[in-house]
Amino acid sequence: MTDFAGKNILVLGGSRGIGAAIVRRFAAGGGTVAFTYAGSKEAAEALASETGTEAIRADSADRADLIATVTNRGALDIVIVNAGMLVMGDPLTLDADAVDRMIDINVRAPYHASVEAARRMNDNGRIIVIGSVNGDRIPFAGGAAYAMTKSAVQGMVRGLARDFGDRGITVNSIQPGPTDSDMNPANGPMAATMHSFMALKRHARGEEIAELASFLAGPHGAMITGSMQTIDGGFGA
Ligand code: NDP
C-alpha cells in the first residue's frame, strides 16, 4: 500500500460514494486527510470518526467558500476534486438553473480549487480531478450537459499540467465509467443499459477508483501529467 504519511491531503466532496472511498484509501495510507461535503452532514461525520479525518462543510458551488477552504489547508501535497453532480434529461426541458449549478460544481469548482491549491502547494504535489468517461463518449440521449462538464475538465487538466509542471506538480483526471454510488447505483434502472456498452459488464467499486487515485498520487505517478486515466470497464472502447 502506498505510504502517504506526512502528506497534507484535501478531498473535495468526500462524504459519500467515490469520494468516501478515496478518503478511506488515503487515510489508510497514513495521510493527514480533510474532506468537504455540502449536504450529507451525518455521513461526513461518521466517515471522519471512522477514518480519523476532518470533515469540513463547504459547498463547491460557492466560490468564496471553496477558495477559503482550500486556502485554510495551507501547503497541500495532494488535492482530489471529486465533488460532482449529474443532471440528465431532454435538453429542451431540462431546468436551466440545475444545469448551471452542475457547471458550477463540475467545472468552475475544479478550476478554482486547483488553481488555489497550486498557489501554495508543495513541490511535486498532485492535483487529481474526477472526470468521467462521458467526457469522451456519451452513447445515449440526455447527457449532453453532463458530458460537456466532463469534457471541460479534460482541457483544464491539460493546460494546468503545463502551468505547474516546473514545480513537479502533476495534474490529471481520473475518468470512471459506471461506478456504484448513490449517483449511479449498481442495481439502478439504468444499470443494464450501461453494462451493454461495456466490455466488463458490471459497475466499478469506489475502492477501484480510489486505488488508481493512490497510484497517481504516489511516487510511481510522478511522470504522469496532463492525462486522462480512464477506468471504465471498456465503456469507451
Ligand atoms: P455521489 O452523488 O454518490 O457523491 C457525490 C459526492 O460529492 C458526495 O460526497 C457529495 O457530498 C459531494 N458533493 C456534491 N456536490 C457537492 C458540493 N456542491 N459541494 C461539496 N461536495 C459536494 O457521486 P459519485 O460518488 O458517484 O461521483 C463522484 C464523482 O465521480 C463525480 O464527479 C461524478 O461526476 C464522477 N463520476 C461518477 C460516476 C459513477 O458512475 N458513479 C461515473 C463517472 C464519473 P454531499 O452529499 O455532502 O453534498
Side-chain angles (χ1 to χ4, degrees), residues 10-25 34-48 53 55-70 79-88 98 100-110 112-113 128-140 143 145-154 156-157 173-188 190-191 193-195 197-198 202-210 212-213 228-233 235-236:
L10 177 63
V11 180
L12 293 165
S15 53
R16 295 182 288 114
I18 294 170
I22 290 171
V23 168
R24 286 193 177 93
R25 176 62 185 83
F35 68 91
T36 65
Y37 67 97
S40 305
K41 186 169 191 285
E42 216 169 287
E45 286 174 354
L47 181 65
T53 58
I56 304 163
R57 190 179 183 289
D59 184 349
S60 286
D62 180 334
R63 191 177 66 200
D65 199 8
L66 177 75
I67 288 176
T69 302
V70 174
V79 175
I80 299 162
V81 186
N82 168 77
M85 72 177 280
L86 168 70
V87 177
M88 280 198 60
D100 281 357
R101 181 168 165 82
M102 177 170 67
I103 292 169
D104 284 348
I105 296 168
N106 292 12
V107 180
R108 293 164 60 118
H112 291 300
I128 299 171
V129 180
I130 307 300
S132 168
V133 68
N134 291 141
D136 288 327
R137 183 175 191 228
I138 186 79
F140 40 75
Y146 180 72
M148 172 180 74
T149 67
K150 297 302 187 177
S151 297
V153 165
Q154 299 178 339
M156 182 193 89
V157 158
S173 172
I174 291 177
Q175 300 194 142
T179 304
D180 190 23
S181 70
D182 295 336
M183 182 189 283
N184 185 0
N187 58 2
M190 285 287 287
T193 305
M194 282 186 268
H195 297 169
F197 300 122
M198 300 169 74
R202 68 169 176 87
H203 276 45
R205 291 177 289 107
E207 292 77 9
E208 293 174 300
I209 312 303
L212 180 53
M228 313 311 136
Q229 299 292 321
T230 299
I231 172 166
D232 69 342
F235 186 101

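Every number for a ligand or one of its atoms is a count from 1 in the order of the listing. If you're wondering where the values come from, they're calculated on a predicted model, not measured in any experiment. Count residues from 1 along the sequence.
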TODO: State if A204 counts as touching ligand 1 under the rule of any non-hydrogen atom under 4.0 Å.
DONE: no

TODO: Could you find the nearest protein heavy atom to atom 44 (C) of ligand 1 and give me its residue, atom name and distance?
DONE: G131 O, 3.2 Å

Open item on the list: Less than 4.5 Å apart, side chain to side chain, heavy atoms only: is that true for T36 and T69?
Closed with: yes

Task: Protein residue, atom and distance nearest to atom 47 (O) of ligand 1, heavy-atom basis - done: S40 N, 2.8 Å

- [ ] Provide the number and element of each atom of ligand 1 under 4.0 Å from a heavy atom of A58.
- [x] 19 (N), 20 (C)

Task: Heavy atom of the protein closest to atom 30 (O) of ligand 1 (residue, atom name, distance) - done: I130 CG2, 3.3 Å

- [ ] Using side chain to side chain donor-acceptor pair (under 3.5 Å) as the criterion, list what pairs up with N82, not counting sequence neighbours.
- [x] none

TODO: Tell me which part of A20 gets within contact of ligand 1: side chain, backbone, both or neither, using heavy atoms under 4.0 Å.
DONE: neither

- [ ] From atom 15 (N) of ligand 1, work out which of L12, N134, I105, D62 has a heavy atom at the shortest distance.
- [x] I105

TODO: Consider every N or O of N106 and every N or O of ligand 1, then say whether any pair is closer than 3.5 Å.
DONE: no

Task: Side-chain donor or acceptor of N106 paired with backbone N/O of M85 under 3.5 Å - done: yes

Task: Heavy-atom side-chain contact between M194 and N184 under 4.5 Å - done: yes

Open item on the list: Tell me the protein heavy atom at minimum distance from atom 31 (C) of ligand 1, and give that distance in Å.
Closed with: N82 O, 3.3 Å

Task: Protein heavy atom at shortest distance from atom 18 (N) of ligand 1 - done: D59 OD1, 2.8 Å

Open item on the list: Is the shortest side-chain heavy-atom distance between I231 and T179 below 4.5 Å?
Closed with: no

Task: Nearest protein heavy atom with distance in Å, relative to atom 27 (O) of ligand 1 - done: M183 CE, 3.9 Å

TODO: Around atom 41 (N) of ligand 1, find the nearest protein heavy atom and jot down its residue, atom name and distance.
DONE: T179 O, 3.0 Å

Task: Heavy-atom donor-acceptor pair, K150 side chain to I130 backbone, under 3.5 Å - done: yes

Task: M194 and ligand 1 - part of the residue with a heavy-atom distance under 4.0 Å - done: neither

Open item on the list: Using heavy atoms and a 4.0 Å limit, tell me yes or no: is Q175 in contact with ligand 1?
Closed with: no

Open item on the list: Going by side chain to side chain contact (heavy atoms under 4.5 Å, CB included), V129 matches just one of I174, V107, L12, V81. Which one?
Closed with: V81

Which atom pairs, one a donor and one an acceptor, fall under 3.5 Å between side chains of residues 38-48 and the rest of the protein, sequence neighbours left out?
from, atom 1, to, atom 2, distance (Å)
S40, OG, R16, NE, 3.0
K41, NZ, E45, OE2, 3.0

Task: Aromatic ring pairing H195/H203, orientation class (parallel under 30°, perpendicular over 60°, tilted between) - done: perpendicular

Open item on the list: Return the closest protein heavy atom for atom 48 (O) of ligand 1 as residue, atom name and distance.
Closed with: G39 N, 3.0 Å

TODO: Compute the minimum heavy-atom distance from K150 to ligand 1 and say whether it is under 4.0 Å.
DONE: yes

Open item on the list: Just to be sure I'm reading this right: ignoring hydrogens, which of I18, D180, V11 gets closest to atom 25 (O) of ligand 1? Compare them by their nearest heavy atoms.
Closed with: I18

Open item on the list: Around atom CZ of R63, are there more than 12 heavy atoms from other residues, nucleotides or ligands closer than 6.0 Å?
Closed with: no

TODO: Answer with yes or no whether P178 contacts ligand 1, where contact means a heavy atom under 4.0 Å from a ligand atom.
DONE: yes

- [ ] Please examine the side chains of Q175 and Q154, heavy atoms only from C-beta on, and report whether any two atoms are closer than 4.5 Å.
- [x] yes

Open item on the list: So is G177 touching ligand 1 or not, going by heavy atoms under 4.0 Å?
Closed with: yes

Open item on the list: Is it the case that the side chain of D65 and the backbone of D59 share a donor-acceptor pair, with hydrogens and angles ignored and the cut-off at 3.5 Å?
Closed with: yes

